[in-house]
There are 4 protein chains.
Amino acid sequence: MPARAGQTTRKTRIQSANRERIMAAALEVFSRDGFRGATVDRIAETAGMSKPNLLYYFKGKTDVYHAVLDDQLDAWLDPLRTLDPDGDPIDELRNYLLRKLEMARDYPRESRLFANEIIRGAPILGDELAGPLKALVDEKAQVIREWIRVGRLAPHDPHHLIFAIWATTQHYADFDTQVRAVLGRDGEDRFVVAARFLEGLFFNGLRPR
Amino acid sequence: MPARAGQTTRKTRIQSANRERIMAAALEVFSRDGFRGATVDRIAETAGMSKPNLLYYFKGKTDVYHAVLDDQLDAWLDPLRTLDPDGDPIDELRNYLLRKLEMARDYPRESRLFANEIIRGAPILGDELAGPLKALVDEKAQVIREWIRVGRLAPHDPHHLIFAIWATTQHYADFDTQVRAVLGRDGEDRFVVAARFLEGLFFNGLRPR
Amino acid sequence: MPARAGQTTRKTRIQSANRERIMAAALEVFSRDGFRGATVDRIAETAGMSKPNLLYYFKGKTDVYHAVLDDQLDAWLDPLRTLDPDGDPIDELRNYLLRKLEMARDYPRESRLFANEIIRGAPILGDELAGPLKALVDEKAQVIREWIRVGRLAPHDPHHLIFAIWATTQHYADFDTQVRAVLGRDGEDRFVVAARFLEGLFFNGLRPR
Amino acid sequence: MPARAGQTTRKTRIQSANRERIMAAALEVFSRDGFRGATVDRIAETAGMSKPNLLYYFKGKTDVYHAVLDDQLDAWLDPLRTLDPDGDPIDELRNYLLRKLEMARDYPRESRLFANEIIRGAPILGDELAGPLKALVDEKAQVIREWIRVGRLAPHDPHHLIFAIWATTQHYADFDTQVRAVLGRDGEDRFVVAARFLEGLFFNGLRPR
DNA sequence: TATGAATGAGAATTCATTCAT
DNA sequence: GATGAATGAATTCTCATTCAT
């Protein structure tokens, strides 16, 4: 292997390793403090590097923020993409619901990152929402609509159904502080109860059958 | 009545009028920009007064923030308080749900104010959540539990039911940007559809009956 | 006199006094170090105030720079404006030349300020040059052209004549360091000699008559 | 020739080639942005090499600046050196004047480089001005003085005559922005008109003969 | 020689808060 | 009560220079 290739590889490794360290730190800080609340200093410190060195890898605070959002968006929307038109409607939606809940449990920072961004009015992600996200949701709404048409699902507005799944699951990440405060320290794991509850709510509703 | 008393009264009136102007402005600014993003300058400007004058009425930015949160909290929790143990369970919960949705429509700033606070980890409201809020929710959970016990409601975890109502309704305030982006400009008023959808979801569930 | 008026007056006085202090300091610093070389810190220090206080009066470094340029431009062009079409051509031009030389002697900072700006490509003053300045020069060029037409002045391009007057006089301000270095410490006051020389050069030329 | 020697030779060639590339880039950047406004990054980029590599050839920004000034100074003063005591005074001065004007046209960056340096107070070139430059000017002033003494030139201060030639010619490089703005887009080439004008001014003066 | 990586010292600007009247 | 003036503590970002290879 020629020296050049070796050099290039090592450089690239440091580059990507450092970019990843920064983005991990940025996820941590942005999700906790929001865009305005976050400081480059804190991100650099969290990433274990000097501020100017961080700015060697990213043009500025906004650039880092942008990169983190972009980096996470795909993974964040992945569960919805897997909703299979050919699967069993109840199974598909249950899986989606539970997978979203798992993500709220396992990736609360990502959830809060997006929550912060959207509450702010999505200054960065605005186009992404109106473009790719809307397209994806519209597509899946059509799937749900078809399921309803063939009588395999009770008739409900499909867009708002998706909103409801987002809202109820991400609530356990975004509003975790409140959930914990209200539930107190005792009792079963909140995510286990939440899973059971949401399944019951979504598929059977509150009215006794 | 002596002049002194009159003066005092007038001062008090100006005092409370100005405090209200400030808090209205602060609600506007804090809900839009978050705590860190908000500036005292902006609040003062929105309130139509000078910054030092604002700080004559409140000790500092945090103090204003505190006051606004406190001021709104009662009104914010009011709907839950009206949940009547002696009413019809379905009616009571429907009313609660719809009232919360109306509040998301009519008072989105309050919703975002609390959303921002809680996502940040409720640095100010922490005690309020673990104290009065938990007490209120526990009390109403007991009411729901009783309704379930007597078979007038399908068995679901009452705390998580309340979370679900909060999550699904406040979603239309906090994540309004995303909701609008996904729904696009056409179609029926989103709150009308949301009301119909949530009623259907909560009481009947997705499974065809 | 009502209290209001008194207050307003005092405020205005501090305001304008401080703005003047800042602009005097800025003239000093910008003319010495150029726009890039100047620092707000230095200007503030020279003005005897804190940096944030300076920024209370001006939006930023560029704003101060702008203000100083605007402030000086009028005075700087004043001599040219006084060129009187009805006066004696030789007298008028001699007066203009000598007045410009006096300004180079008495206001070298202003001269260098503009020199710096124009060498940089006149990023701020560009429009001013192509607009008002060009108009003024064109007008006076017409006057000179008329003097030539009636035979009271040897035929020379009037625009370039004005350039030559600018160049030769401002040279003693802008390139003072070089002038002093070349002339050394001894000898007659350089401005006295310059005045005599320029008068001789401009009106008689080098060729023996 | 041994391999070692060949290598050394090649290195030296690369060395001097790179030093020249750097200095060419530095001339470009320093003349445009001034010393403070110029960045090593920009010079390196313009030279097509990395910043650390540039700093391998020069100790620092100041060192590059120094080198460029030194490099250009000789060429810059060359026209004055050619002023021939034995030539025809009018011809000699005309040639000098026109050659300086050509240099302003063809090497405006060099002119601006020195202009910037001298306006700043010649922090680097100071000694050069008071030493070699003064000596050269004094020598040529003596030549001019002799021409005057024998009546072949009208009596004018020789130092200031040289200043006037510098000022009027370099004006077209240093203040090019202003010259263009005032002259507008139309009309004859400004250097052609300037040459004709300066010749007329310097040798005949403004007063009709 | 050459360069990717790293950093300390600024520099501009913002902002909560205080001072003085 | 009200406000113009003032400031210290950040905070973002730039840049000359050094390090390590």
Side-chain angles (χ1 to χ4, degrees), chain A residues 3-4 6-8 10-15 17-18 36-44 49-64, chain B residues 7 10-11 14-15 17-18 36-44 49-64, chain C residues 3 6-8 10-15 17-18 36-44 49-64, chain D residues 7 10-12 14-15 17-18 36-44 49-64:
Chain A
R4 281 270 160 202
Q7 275 190 349
T8 304
R10 194 163 60 236
K11 279 168 194 169
T12 301
R13 266 184 201 152
I14 291 182
Q15 279 262 359
N18 276 343
R36 289 291 301 261
T39 72
V40 176
D41 243 332
R42 242 188 141 73
I43 298 172
M49 65 176 63
S50 72
K51 190 166 36 168
N53 198 26
L54 186 154
L55 292 169
Y56 172 73
Y57 290 96
F58 291 91
K59 257 185 280 185
K61 181 181 174 178
T62 307
D63 195 32
V64 182
Chain B
Q7 275 190 349
R10 194 163 60 232
K11 275 179 191 167
I14 291 180
Q15 282 252 5
N18 275 343
R36 288 293 301 262
T39 70
V40 175
D41 244 332
R42 247 189 135 75
I43 298 171
M49 68 177 60
S50 71
K51 189 164 42 166
N53 199 23
L54 185 154
L55 291 168
Y56 171 78
Y57 290 98
F58 292 90
K59 260 187 281 183
K61 183 182 176 179
T62 308
D63 196 32
V64 182
Chain C
Q7 275 190 350
T8 304
R10 194 162 61 235
K11 279 168 195 168
T12 301
R13 266 184 202 153
I14 290 180
Q15 279 262 359
N18 275 342
R36 289 291 301 261
T39 72
V40 177
D41 243 331
R42 244 186 141 73
I43 298 171
M49 64 176 65
S50 71
K51 190 167 38 169
N53 197 26
L54 185 154
L55 293 168
Y56 171 74
Y57 291 97
F58 291 90
K59 260 185 278 184
K61 183 181 174 177
T62 308
D63 196 32
V64 182
Chain D
Q7 275 190 348
R10 196 161 59 230
K11 274 178 194 171
T12 302
I14 291 180
Q15 282 252 3
N18 275 343
R36 289 294 300 262
T39 71
V40 176
D41 244 331
R42 245 188 137 74
I43 298 171
M49 67 177 61
S50 71
K51 190 165 40 167
N53 198 24
L54 185 154
L55 291 168
Y56 171 77
Y57 290 97
F58 290 90
K59 258 187 281 182
K61 183 182 175 177
T62 307
D63 195 32
V64 182

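A note on names: the letters A, B, ... follow the listed sequences, proteins ahead of strands, and every chain is numbered from 1. Please read all numbers here as calculations on a predicted model, not as lab measurements.
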Review point. Does the side chain of A:Q15 get closer than 4.0 angstrom to OP1 or OP2 of E:dG4 through an N or O atom?
Key: no
Winner on side-chain proximity to A:N53, out of E:dT18, E:dT7, E:dA12, is E:dT7
Closest of E:dA5, F:dT17, E:dA16 to the B:V40 side chain is E:dA16
Between CG of B:L55 and P of F:dG1 the distance, given in whole Å, is 16 Å
NZ of A:K51 to NZ of A:K61, rounded to nearest 0.5 Å, is 11.5 Å
Walking DNA chain F from its 5' end, the first of A:K59 and D:G60 to be reached, judged by nearest nucleotide, is A:K59
Note: for C:P52 and D:L54 on DNA chain E, the residue whose nearest nucleotide lies more 5' is D:L54
For this session: Could you check whether C:A17 gets within reach of a base, just the sugar-phosphate, or nothing at all, counting any heavy atom under 4.0 Å?
Result: nothing
Hey, does the side chain of C:R36 come within less than 4.0 Å of F:dC15's phosphate (OP1/OP2), counting only N and O? yes
Closest of E:dA12, F:dG4, F:dG1 to the C:K51 side chain is E:dA12
Rounded to whole Å, NZ of C:K61 lies from P of E:dA12 at a distance of 5 Å
CG (B:N18) and CZ (B:F58) are apart, to the nearest 0.5 Å, by 9.5 Å
Separation of F:dA10 atom C1' from C:D41 atom CG, nearest Å, is 15 Å
Applying the 3.5 Å cut-off to both distances, the Watson-Crick or G-U partner of F:dT14 turns out to be E:dA9
On a heavy-atom basis, the closest approach of A:M49 and A:N53 is SD-ND2, 4.0 Å
When rounded to whole Å, the CD1 to C1' distance for the pair D:I43 and F:dC15 reads 12 Å
For F:dA5, the nucleotide meeting Watson-Crick or G-U wobble distances (both under 3.5 Å) is E:dT18
message: At 4.0 Å (heavy atoms only), tell me whether B:S50 reaches a base, stays on the sugar-phosphate, or touches nothing.
response: base
Kindly say if C:Y57 contacts the phosphate of F:dG4, meaning a side-chain N or O under 4.0 Å from OP1 or OP2. no
Picking from E:dT18, E:dA6, F:dA5, the nucleotide nearest the side-chain atoms of A:Y56 would be E:dA6
Judged by nearest nucleotide, the residue sitting upstream toward the 5' end of DNA chain F, C:M49 or D:T62, is C:M49
Separation of F:dT14 atom P from A:F58 atom CZ, nearest Å, is 15 Å
Would you say F:dG4 has OP1 or OP2 under 4.0 Å from some side-chain N or O of C:N18? no
| said: Within the 4.0 Å heavy-atom criterion, would you say D:A44 contacts the bases, only the backbone, or no part of the nucleic acid? | reply: nothing
Looking only at heavy atoms, the pair that brings D:Y57 and D:Q15 closest together is CE2-CA, 3.7 Å
Taken to the nearest whole Å, CZ/C:R42 to C1'/E:dT13 is 20 Å
